[in-house]
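For reference, the structure discussed in these notes is given below.
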Amino acid sequence: MKYSREEVRQFIMEEDVKFIRLAFCDVFGRQKNISIMPDELSRAFEQGIAFDASAIEGFGDENHSDLLLFPDADTLMVLPWRPEHGKVVRMFCSITYPDGRIFEGDTRSILRKAVKDAEEAGLHFSFGSEQEFYLFKLDDNGERTNIPYDKAGYMDIAPEDKGENIRREICLTLEQMGIRPESSHHEEGPGQNEIDFRYSSPVTAADNAMTFQTTVKTVAGRNGLFADFSPKPIKDKPGNGFHINMSVTSSDGSDNLHYMIAGVLDKISAMTAFLNPSESSYERFGKNKAPGYISWSTENRSQLIRVPAAVGKYRRAELRSPDPTANPYLAFALIIYASLYGIKNKIDLPPAADINLYTADKKTLSKFKRLPESLESACNIAAVSDFIKEYIPASVLNIYSHR
């Protein structure tokens with residue numbers, strides 16, 4: 001449900017809300033928040049709530065530490081795991097300097113600008129996400145162990161699949177928050193799970209991706225478990241992917257899916273540092289359904305981009321390289337800009353690679369360009385990319401390039 005500021009004020013008053021969380025994230029997509037009391041809501045909407053940005057990685061130093069949070073009324077959401085009486089709600093925020101300028105490190109605003117640029121070109125993007133995570137047991141002190149919650153495999157059922165009830169609770173909790181999961185199942189790894197979402201507008205999809213991780217971690221913790229979204233939780237087992245389903249429609253009715261795919265393939269090497277921002281991200285590539293080469297095909301899960309079997313409004317492309325450590329706002333913004341590049345320049349889509357790249361011989365593989373094989377390599381490519389420099393603020397690029 002979309003709310004106006006006045007509707008938010010009314011909701012806070014009528015629904016016994018005692019705490020309002022103002023949520024944002026750092027440049028790497030790690031969620032942060034400040035809680036305010038209801039009496040401070042009008043000030044938050046009109047003047048913003050100040051916070052010490054020097055304590056947030058990538059947000060500046062002590063010399064320029066003051067930034068302001070302005071809540072987005074559209075994103076009002078009750079947190080159902082908090083008390084029934086004395087409710088807690090959350091809103092995502094824009095981040096500005098004291099003089100009103102948008103803060104360069106506000107990645108949500110970067111995505112909002114990408115959406116606006118696309119709409120001015122008569123193009124509308126939608127995204128759906130599929131995030132994988134592992135469930136690990138906790139020890140007697142409540143600390144995470146390396147013991148998976150179960151030993152089940154792909155799409156197994158109970159009793160082997162012990163995560164069934166956890167996924168059910170996660171999905172029901174998300175529904176209470178107005179987020180619509182599409183499907184859920186056990187993944188290939190022991191204790192590994194996946195929950196998929198219906199497509200939505202880019203900013204909403206990114207907000208939902210952020211909310212999803214918080215919800216999963218909260219539900220897991222309530223059940224005495226630890227949810228791990230890192231790219232490679234267990235060295236010799238499948239990694240966690242953040243598969244991004246993407247589609248584009250045009251105000252003139254033209255079909256631009258192939259140009260969108262061509263644009264993303266063209267810019268993927270430069271984007272990879274932002275889609276896979278941790279060292280362990282690169283341990284995942286090239287095995288267990290994670291791509292290693294720049295290629296596309298229909299249905300084939302060994303490819304970087306696959307076009308699933310679907311028609312009409314469900315027709316889309318799936319980008320399989322990102323992992324859950326990516327900042328979804330930056331990921332979606334870069335995909336939009338790469339797609340715009342492909343569409344505006346009518347980039348030719350290379351032939352489909354209708355082969356299994358995991359079992360192909362060296363001669364066959366030599367025909368394909370590899371994804372960056374390390375974080376250092378990916379950062380070096382991003383640092384010299386004119387495409388990245390055009391759309392990612394210099395301060396954000398510098399932070400990613402010098403980790």
Side-chain angles (χ1 to χ4, degrees), residues 1-26 29-53 55-56 67-96 106 108-109 112 131 142 165-182 184 195 197-198 200-201 203-227 328-329:
M1 181 175 178
K2 299 294 186 180
Y3 293 88
S4 66
R5 289 185 176 185
E6 188 53 43
E7 287 170 333
V8 170
R9 292 187 179 98
Q10 186 174 349
F11 183 93
I12 299 298
M13 180 176 63
E14 294 179 354
E15 296 296 325
D16 189 32
V17 173
K18 297 301 183 185
F19 291 94
I20 303 165
R21 289 188 182 178
L22 305 183
F24 62 102
C25 67
D26 65 17
R30 292 186 289 254
Q31 192 168 162
K32 310 288 183 179
N33 72 228
I34 294 174
S35 289
I36 62 172
M37 306 299 284
D39 288 347
E40 301 299 315
L41 180 60
S42 292
R43 180 166 70 93
F45 279 141
E46 294 156 15
Q47 302 174 27
I49 299 296
F51 71 100
D52 178 9
I56 308 295
L67 291 175
L68 297 171
L69 296 175
F70 284 87
D72 183 347
D74 278 355
T75 64
L76 179 70
M77 184 175 285
V78 176
L79 301 184
W81 54 82
R82 303 305 299 163
E84 179 70 22
H85 301 289
K87 291 184 175 70
V88 179
V89 298
R90 183 224 64 202
M91 287 181 283
F92 284 109
C93 299
S94 296
I95 309 172
T96 75
D106 180 7
R108 192 169 186 267
S109 290
R112 289 165 71 103
Q131 293 198 57
N165 288 335
I166 307 297
R167 294 194 304 274
R168 177 179 177 275
E169 185 176 344
I170 291 167
C171 289
L172 292 176
T173 301
L174 290 168
E175 282 194 329
Q176 286 181 270
M177 301 167 78
I179 299 175
R180 295 177 62 188
E182 193 170 57
S184 65
I195 296 177
F197 291 92
R198 285 182 62 86
S200 54
S201 63
V203 176
T204 297
D207 288 346
N208 289 350
M210 297 287 293
T211 302
F212 174 69
Q213 290 201 13
T214 300
T215 303
V216 170
K217 291 173 182 177
T218 299
V219 171
R222 289 198 310 192
N223 286 274
L225 299 168
F226 178 86
Y329 301 108

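Nothing here was measured: the structure is a model prediction, and the numbers come from that model. In this chain, residues are counted from 1 in sequence order. These numbers come from the heavy atoms of this one structure, side chains and all, not from hydrogens, waters or symmetry mates.
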Dump the intermediate steps for side chain to side chain contact (heavy atoms under 4.5 Å, CB included) on Val219 and Trp81, then the final yes or no.
-> CA-CA 8 Å; Val219 171; Trp81 54 82; 5.6 Å; no
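- Between the Asn223 side chain and the Leu225 main chain, no donor and acceptor come within less than 3.5 Å of each other.
- Side chains of Ile179 and Met77 form a contact here, defined as non-hydrogen atoms less than 4.5 Å apart.
- Under 3.5 Å, the side chains of Arg112 and Ser94 contain no donor-acceptor pair of N or O atoms.
- Using bins of under 30°, 30° to 60° and over 60° for the plane-to-plane angle, the ring pair Phe51/Phe24 lands in the tilted bin.
- The backbone N or O of Gly86 sits less than 3.5 Å from a side-chain atom of Asp16, completing a donor-acceptor pair.
- Expressed to the nearest 0.5 Å, how far CD1 of Ile12 lies from CG of Leu41 amounts to 6.0 Å.
- Side-chain N or O atoms of Ser184 include none that pairs as donor or acceptor with a backbone N or O of Arg167 at under 3.5 Å.
- Between Met210 and Gly29, the shortest heavy-atom contact is CE-O, 3.3 Å.
- Taking each heavy atom of Val203 and Tyr329 in turn, the nearest pair found is O-CE2, 4.5 Å.
- Side-chain atoms of Val216 and Gln131, non-hydrogen and from C-beta on, never get closer than 4.5 Å to each other.
- Atoms CD1 and CD1, from Ile195 and Ile170 in turn, are 4.5 Å apart once rounded to the nearest 0.5 Å.
- The number of heavy-atom neighbours closer than 6.0 Å to CZ of Arg222, taken from other residues, nucleotides and ligands shown, is above 12.
- Here the side chains of Arg43 and Ile36 are not in contact, with every heavy-atom distance at 4.5 Å or above.
- A donor-acceptor pair under 3.5 Å is formed between the side chain of Asp106 and the backbone N or O of Ile95.
- Looking only at side-chain heavy atoms (C-beta outward), Met91 and Leu76 come within less than 4.5 Å of each other.
- Heavy-atom minimum distance, Pro80 versus Val78: CD-O, 3.0 Å.
- The minimum heavy-atom distance between Phe212 and Phe197, with the atom names listed, is CD1-CZ, 3.2 Å.
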Trace of the side chain to side chain contact (heavy atoms under 4.5 Å, CB included) decision for Arg90 with Asn33 = CA-CA 9 Å; Arg90 183 224 64 202; Asn33 72 228; over 6 Å; no
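- With a 4.5 Å cut-off on side-chain heavy atoms, Val8 and Phe45 count as touching.
- Residue Arg30 places its CZ atom among more than 12 non-hydrogen atoms of other residues, nucleotides or ligands, all under 6.0 Å distant.
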